[in-house]
Amino acid sequence: FFGTNETESVRAAYAILSSPSNNYTWYELWRNPMLPFMPPAPLKGHSAVIMERLQSIESTMPLVISLLKKAATVVHDNKDHLRYLDFVARLNLWFSKKVQVGEKVRELSRWASSSPRKDSVAAAIVSLCESVMADLKPLSLEFDRLWKMSNKPEGLEYLLKRHDRQKAFWQEKVDQVKSGVFWVEPEIESSWIYHADVKTGSQPPVRVQHAYFRKTFSVPKGTKSATIQLIGDTYVKLAVNGHEVGEVYVRRSNSISAEH
């Protein structure tokens, strides 16, 4: 495959990357960094020993990158494949930083309200958030390039929105802190709603092709803007006072569910 028998470096890189100690879920990679990473009762998809995995990632990924550089000097064919592996290693390192910076920012945010040095704490939080966004940018550009090397461009924009959304999470935190607000609870109280004909647990499950839900509420005087969090397991379109304002849908792309 590589046009050489000297593949020890690539084999070693593969072995390290595929180690369970260096694995995490898609959900963990892109979730809001301000959410508590380890809830009291671990949700499906969480790594129960995430801190151990972060330590493993930080200690082994630099070695993987070094091994791939060595392999590049002896590989003759399919050199582009090494770029894919290098991207995975660098994405792993970013993930580790994202989690640890997120925990640090949460800690500083909680402490800031009672700190006499709010300005310095604010500067530290902003600096941490901006460093994570800065590290994500070249990864997003490289992902774009790698995708187009072996795939059609159609569908790529949906995956890149994951990157954009992650940046938006961090930028939102920066904007909040700069406005003097150190903590905004990222989780909102909400629950799933279902059409009256749908009975949970019924066999066979009841399917409703089109369901309409309406909520009446009042907006306090002086309100200039508002945010609505909308989640749907298939497709949802939102209208306010008869005007469409947004939609949520799921699109399958190479066996990956990308929510928008």
Side-chain angles (χ1 to χ4, degrees), residues 22 24-43 45-59 61-62 87 89-144 159-190 222-231 246 259-260:
N22 294 324
Y24 48 87
T25 68
W26 184 253
Y27 169 70
E28 290 170 330
L29 176 63
W30 296 119
R31 72 195 302 270
N32 189 325
M34 292 303 106
L35 289 169
F37 201 81
M38 291 301 297
L43 302 173
H46 276 269
S47 298
V49 288
I50 187 62
M51 296 313 296
E52 294 179 12
R53 297 187 182 196
L54 297 184
Q55 292 173 359
S56 177
I57 287 172
E58 290 193 340
S59 63
M61 290 306 108
F87 172 79
R90 295 182 188 278
L91 183 64
N92 287 353
L93 286 172
W94 178 83
F95 167 71
S96 178
K97 178 176 181 177
K98 170 218 167 177
V99 174
Q100 295 185 71
V101 169
E103 291 297 311
K104 183 63 175 179
V105 168
R106 283 172 52 82
E107 178 186 349
L108 289 173
S109 298
R110 298 290 193 184
W111 176 69
S113 59
S114 59
S115 172
R117 299 181 297 168
K118 286 185 174 60
D119 290 345
S120 60
V121 175
I125 292 175
V126 169
S127 178
L128 286 168
C129 293
E130 290 180 340
S131 70
V132 176
M133 289 190 287
D135 289 350
L136 179 60
K137 184 176 181 180
L139 289 172
S140 300
L141 294 174
E142 179 67 355
F143 180 78
D144 182 282
L159 296 176
L160 289 177
K161 283 184 179 180
R162 288 281 192 171
H163 296 242
D164 295 338
R165 184 186 300 174
Q166 183 67 201
K167 179 182 176 182
F169 287 146
W170 292 99
Q171 187 60 53
E172 180 182 49
K173 184 64 182 181
V174 169
D175 295 340
Q176 290 170 355
V177 170
K178 286 184 176 181
S179 68
V181 178
F182 285 92
W183 184 250
V184 175
E185 180 58 50
E187 291 186 286
I188 62 174
E189 294 184 5
S190 60
T223 301
K224 295 182 179 180
S225 64
T227 300
I228 295 179
Q229 182 179 24
L230 185 63
I231 302 173
E259 298 87 12
H260 308 291

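Numbers for residues simply follow the sequence, beginning at 1.
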task = Compare all side-chain heavy atoms of Glu58 with those of Gln55 and state whether any distance is below 4.5 angstrom.
result = no

task = Give a yes or no answer on whether the side chain of Lys98 reaches the backbone of Leu29 with a donor-acceptor pair at less than 3.5 Å.
result = yes

Val99 vs Tyr24 side-chain heavy atoms within contact, under 4.5 Å = no

query = For Lys167, does the NZ atom have more than 12 heavy-atom neighbours from other residues, nucleotides or ligands under 6.0 Å away?
reply = no

inquiry  = Distance check, rounded to the nearest 0.5 Å: Glu142 atom CD versus Lys137 atom NZ?
reply    = 14.5 Å

task = Check whether any side-chain heavy atom of Pro33 sits under 4.5 Å from a side-chain heavy atom of Gln166, and report yes or no.
result = yes

query = Going by atom types alone, do Ser96 and Gln100 pair a side-chain donor with an acceptor below 3.5 Å?
reply = yes

ask   = Any donor-acceptor pair under 3.5 Å linking the side chain of Thr223 with the backbone of Ser225?
value = no

query = Are the side chain of Ser127 and the backbone N or O of Ala123 linked by a donor-acceptor pair below 3.5 Å?
reply = no

Nearest-0.5 Å distance, CG of residue Leu159 to OG of residue Ser140 = 11.5 Å

task = Of all the heavy-atom pairs spanning Val126 and Val177, show the shortest one and how long it is.
result = CG2-CG1, 4.2 Å

task = Using a cut-off of 6.0 Å, state whether more than 12 heavy atoms not belonging to Lys104 lie near its atom NZ.
result = no

query = With a 4.5 Å limit on heavy-atom distance, are the side chains of Met133 and Gln171 in contact?
reply = yes

key: All pairs passing ring-ring contact (aromatic ring centres under 6.0 Å, His included) where residues 161-189 contributes a residue, at least two apart   = Trp30-His163, Phe143-His163

inquiry  = What's the separation between atom CG in Leu93 and atom CG in Leu54, rounded to the nearest 0.5 Å?
reply    = 11.0 Å

request  = Grab the two heavy atoms, one from Trp94 and one from Val132, that are nearest each other, plus how far apart they are.
outcome  = NE1-O, 3.1 Å

remark   = Taken to the nearest 0.5 Å, the spacing of Ser56 OG from Asn92 CG works out to 9.5 Å

query = Do side-chain atoms of Ser109 reach the backbone of Val105 as a donor and acceptor pair under 3.5 angstrom?
reply = yes

side-chain contact (heavy atoms from CB on, under 4.5 Å) partners of Ser179, counting only residues at least two apart = Val181

inquiry  = As an exercise, state the distance from CZ of Phe95 to CG of Asp135, rounded to the nearest 0.5 Å.
reply    = 15.0 Å

request  = Please name the pair of heavy atoms, one in Arg117 and one in Ser120, separated by the smallest distance, quoted to 0.1 Å.
outcome  = O-OG, 2.9 Å

query = Is the side chain of Arg53 donor-acceptor paired with the backbone N or O of Asn22 at a distance under 3.5 Å, no angle test?
reply = no

request  = Rounded to the nearest 0.5 Å, what's the gap from CG on Leu128 to NZ on Lys97? Could you check?
outcome  = 8.0 Å

